[in-house]
Asks: 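Have a look at this one before I ask anything.
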Amino acid sequence: MPGISRRSLFIASAVGATGALLPAVSKGASAQVTAEAACTGSYRAEYHFTVPDQWMNDPQRPVWIDGEYHYYYLYNPDYSTGGTTAGTAWRLATSTDLVSFTDRGIAVPKDTTPNGDVWSGSAVIDTDNTAGFGAGAVIVLATMAPDDVTQAQYLYYSTDGGRTFTNHGTDPVLPNPGVRDFRDPKVIRDEERGRWVMTLAENDKVGFYHSADLKSWTYVGGFIKGGIGVLECPDLFRIQAEDGTWKWVLGVSANGKASGLPSTYAYWTGAFDGTTFTADAADPQWLDHGWDWYAAVTFEKRNTNGTLDPAARYAIGWMNHWDYANTTPTIECDGFNGTDSIVREVTLKRATDGTYYMASQPVVGLDDHVSRTVDLGDLEVDGTLLLDYTGTAYELTTEITWDQLTGAGLQLRRSADGGRHIDAGIYGDYAFVNRGYTVSPDTSGRWQESRSPFDPSARTVRLRILIDRTSVEMFVDDGRYAHSTEAFPDPADIGLALFTIDGAAVFRNTVIREFSI
């Protein structure tokens, strides 16, 4: 945790915890992740996507094929025996609603060439047969590194609707120019200019490349941003804002922890002329302020009739971080390591100062999987209110209103004695999620509380929180800010409490929904 605040002291005393703020809370609790006592129940998510077995990391941008989304992700079937060094393939799952997925097995295999395993990249549908593999062929451009240093881009193709892929020889379609970081190609079709455009992660630069056939690429320029770590998993798309304005968005996964920033998906709004991206501002915004929404991808939203929605996109992120990627009870207890965020719908909105930002909400397909609704109505809280409801996986929505107070929120996955919980809410001028009072994957104790800006003069806040067995995702004020956080509460910790600090509040229209997938 970033220090012991007055809010932390209040929360600890309100639930009667003793010694809850000693270093053992964050470091000790994290260390329990690998303890033999961890397996007291299942840790597999109830309504989030999880890998069937072994290891999963980066999502690959889903594509729409024959009425369903094809979702590829990095998968290591040898994780438990060889670790992450054993390398990844691309595994496929399909979905029509982006909530329920059907596993289709490995699509892009590893170790079929001397280049070894297959890293992140992107799939596109070659409608006009520009690459020569047939109209409608699915083409994958992905990074491979045959000597673990020389990263280059290689091509795979599919003629069976994206179910299985064949390598296009052993030579790269975009060789390494002599740099270490040269990966994660994201390809889009520039219909206006009749060519393909690739964005590539090159340390502190996103490189731009052109191609007519997906097999021969030319460098045309780059966008540079330092101070937020090595840039990875670039993203580039055009979207229409709610006010009708069109904007280009350039996104990257970046680690801003050293600068007190998130380590998730950074993005800039701006203009793109087919070669150069011009940002509206030098510093990025962040699509998620939590600790665990890394390697995220956005992708096209299709309406029910298959047409594109120009004013919205979908997004999905890996709910883990390389700081502690292997620290999880899920591998020991359930035989897997890999959970994704809920798919969210992303829209572009105009702020009161004239700037634009992306807001996000859980995909509406969740509504079709509701198995139980608990309407708690309006709840008056002054201090701590322990609710009768218990659960490990659900959604809670509420609007908190007050006249004067310092903070308010919820204690999620609360233990019976009140000593363990995940806290989410607002305090002063920030919204937060804090996993420091439960079992956290971060053994350093540094990355326990995530924060985003909040204006306390509003005296109201809308919260939508998705809780699952190893995750919390909080959406603040219609998705203006989001926090995605991984945590490993004991399966027996199923309580729920509301709290206020230095005043009273009403938690209005408080509703809990459970899901069946």
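Predicted model only: the values in this text are computed from it and were never measured.
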Asks: Would you please indicate if the ring centroids of Tyr294 and Tyr265 are separated by under 6.0 Å?
Replies: no

Asks: What I want to check is whether the side chains of Glu68 and Ser95 have a donor and an acceptor closer together than 3.5 Å.
Replies: no

Asks: Quick one: pull up CG in Leu287 and OH in Tyr267 and give me the separation to the nearest 0.5 Å.
Replies: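 Rounded to the nearest 0.5 Å, the CG-OH separation comes out at 6.0 Å.
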
Asks: Quick one: are the ring centres of Trp217 and Tyr209 less than 6.0 Å apart?
Replies: no

Asks: Has Arg313 got its NZ or CZ under 6.0 Å from the middle of the six-membered ring of Phe299, at an angle within 45 degrees of the ring axis?
Replies: no

Asks: Would you tell me whether Thr438 and Arg414 have side-chain atoms, one donor and one acceptor, within less than 3.5 Å of each other?
Replies: no

Asks: For the residue pair Val99 and Ile517, establish whether any side-chain heavy-atom pair is separated by less than 4.5 Å.
Replies: yes

Asks: Can you give me the closest heavy-atom contact between Trp286 and Ala254, atom names plus distance?
Replies: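 Closest approach of Trp286 to Ala254: CZ3-O, 3.8 Å.
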
Asks: Is it the case that Arg451 places NZ or CZ above or below the six-membered ring of Phe432, under 6.0 angstrom from the centre and within 45 degrees of the axis?
Replies: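 Pair Arg451/Phe432 does not count as cation-pi.
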
Asks: Evaluate the side-chain proximity of Arg413 to Val439: yes if any heavy-atom separation is below 4.5 Å, no if none is.
Replies: no

Asks: For the residue pair Phe49 and Phe101, is the inter-centroid distance of their aromatic rings smaller than 6.0 Å?
Replies: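 So the answer is yes for these two rings.
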
Asks: Looking at Arg302 and Asp309, is any side-chain nitrogen of the basic one under 4.0 Å from a carboxylate oxygen of the acidic one?
Replies: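 Between Arg302 and Asp309 there is no salt bridge, as every charged N stays at least 4.0 Å from the carboxylate O atoms.
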
Asks: Taking the six-membered ring of Phe336, is NZ or CZ of Arg44 closer than 6.0 Å to its centre and within 45° of its axis?
Replies: yes

Asks: Looking only at side chains, do Asp181 and Asn203 share a donor and an acceptor under 3.5 Å apart?
Replies: yes

Asks: Could you pull out all residues at least two apart from Arg469 that satisfy salt bridge (Lys or Arg N to Asp or Glu O under 4.0 Å)?
Replies: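 Counting only residues at least two positions away or on another chain, Arg469 forms a salt bridge (Lys or Arg N to Asp or Glu O under 4.0 Å) with Glu46.
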
Asks: Under 3.5 Å, is there a donor-acceptor pair between the Thr113 and Asn167 side chains?
Replies: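 Asn167 and Thr113 do not have a side-chain donor-acceptor pair below 3.5 Å.
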
Asks: Mind checking whether Pro172 and Gln153 have side chains closer than 4.5 Å, heavy atoms only?
Replies: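 A side-chain contact is absent here, since even the closest heavy-atom pair is not under 4.5 Å.
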
Asks: Please tell me if the side chains of Val138 and Val124 come closer than 4.5 Å, counting only heavy atoms from C-beta onward.
Replies: no

Asks: Does Asp235 pair with Arg61 as a salt bridge, N-O distance under 4.0 Å?
Replies: no

Asks: Give, for atom OG of Ser263 and atom CH2 of Trp291, the distance between the pair rounded to the nearest 0.5 Å.
Replies: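 Between Ser263 OG and Trp291 CH2, I get 8.5 Å after rounding to 0.5 Å.
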
Asks: In this structure, is the centre-to-centre distance between the rings of Trp268 and Phe223 below 6.0 Å?
Replies: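 That pair passes the under 6.0 Å test.
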
Asks: What I want to check is whether the side chains of Asn76 and Thr88 have a donor and an acceptor closer together than 3.5 Å.
Replies: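 No, no side-chain donor-acceptor contact under 3.5 Å.
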
Asks: Determine whether a donor-acceptor pair (N or O, by modelled atom type, separation under 3.5 Å) exists between the side chain of Thr143 and the backbone of Asp184.
Replies: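 Answer holds: yes.
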
Asks: Could you check if a side-chain atom of Asn255 sits within less than 4.5 angstrom of a side-chain atom of Ile228, using non-hydrogen atoms only?
Replies: no

Asks: Decide yes or no for Ile512 and Tyr389: does some side-chain heavy atom of the first lie under 4.5 Å from some side-chain heavy atom of the second?
Replies: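 Heavy-atom side-chain distance check passes, below 4.5 Å.
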
Asks: Is the shortest distance from a Lys or Arg side-chain nitrogen in Lys110 or Asp117 to a carboxylate oxygen in the other one below 4.0 Å?
Replies: no

Asks: Could you give the distance from OG1 (Thr392) to CG (Asp490), rounded to the nearest 0.5 Å?
Replies: 11.5 Å

Asks: Is it true that Lys257 and Asp323 have a side-chain N and a carboxylate O under 4.0 angstrom from each other?
Replies: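 Yes.
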
Asks: Kindly say whether the aromatic ring centers of Tyr73 and Tyr71 come within a distance under 6.0 Å.
Replies: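 Close enough - the centres of the two rings lie under 6.0 Å apart.
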
Asks: Is Asp442 close to Arg435 at the side-chain level, that is, under 4.5 Å between some pair of heavy atoms?
Replies: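 Arg435 reaches Asp442 side chain to side chain.
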
Asks: Tell me whether the guanidinium CZ or amine NZ of Arg91 lies under 6.0 angstrom from the six-membered ring centre of Tyr72 and within 45° of its axis.
Replies: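 Not flagged: Arg91 not positioned over aromatic ring of Tyr72.
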
Asks: Step through the shown structure and confirm whether more than 12 heavy atoms of other residues, nucleotides or ligands are within 6.0 Å of CG on Asp147.
Replies: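 Yes, the 6.0 Å shell around CG holds more than 12 heavy atoms from other groups.
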
Asks: Taking the six-membered ring where the residue is Trp, are the ring centres of Phe515 and Tyr47 under 6.0 Å apart?
Replies: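 Aromatic pair counts; centres sit under 6.0 Å.
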
Asks: Does a side-chain heavy-atom distance below 4.5 Å link Asp367 with Arg513?
Replies: yes

Asks: Under 3.5 Å, is there a donor-acceptor pair linking the side chains of Ser450 and His483?
Replies: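 Side chains of Ser450 and His483: pair found under 3.5 Å.
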
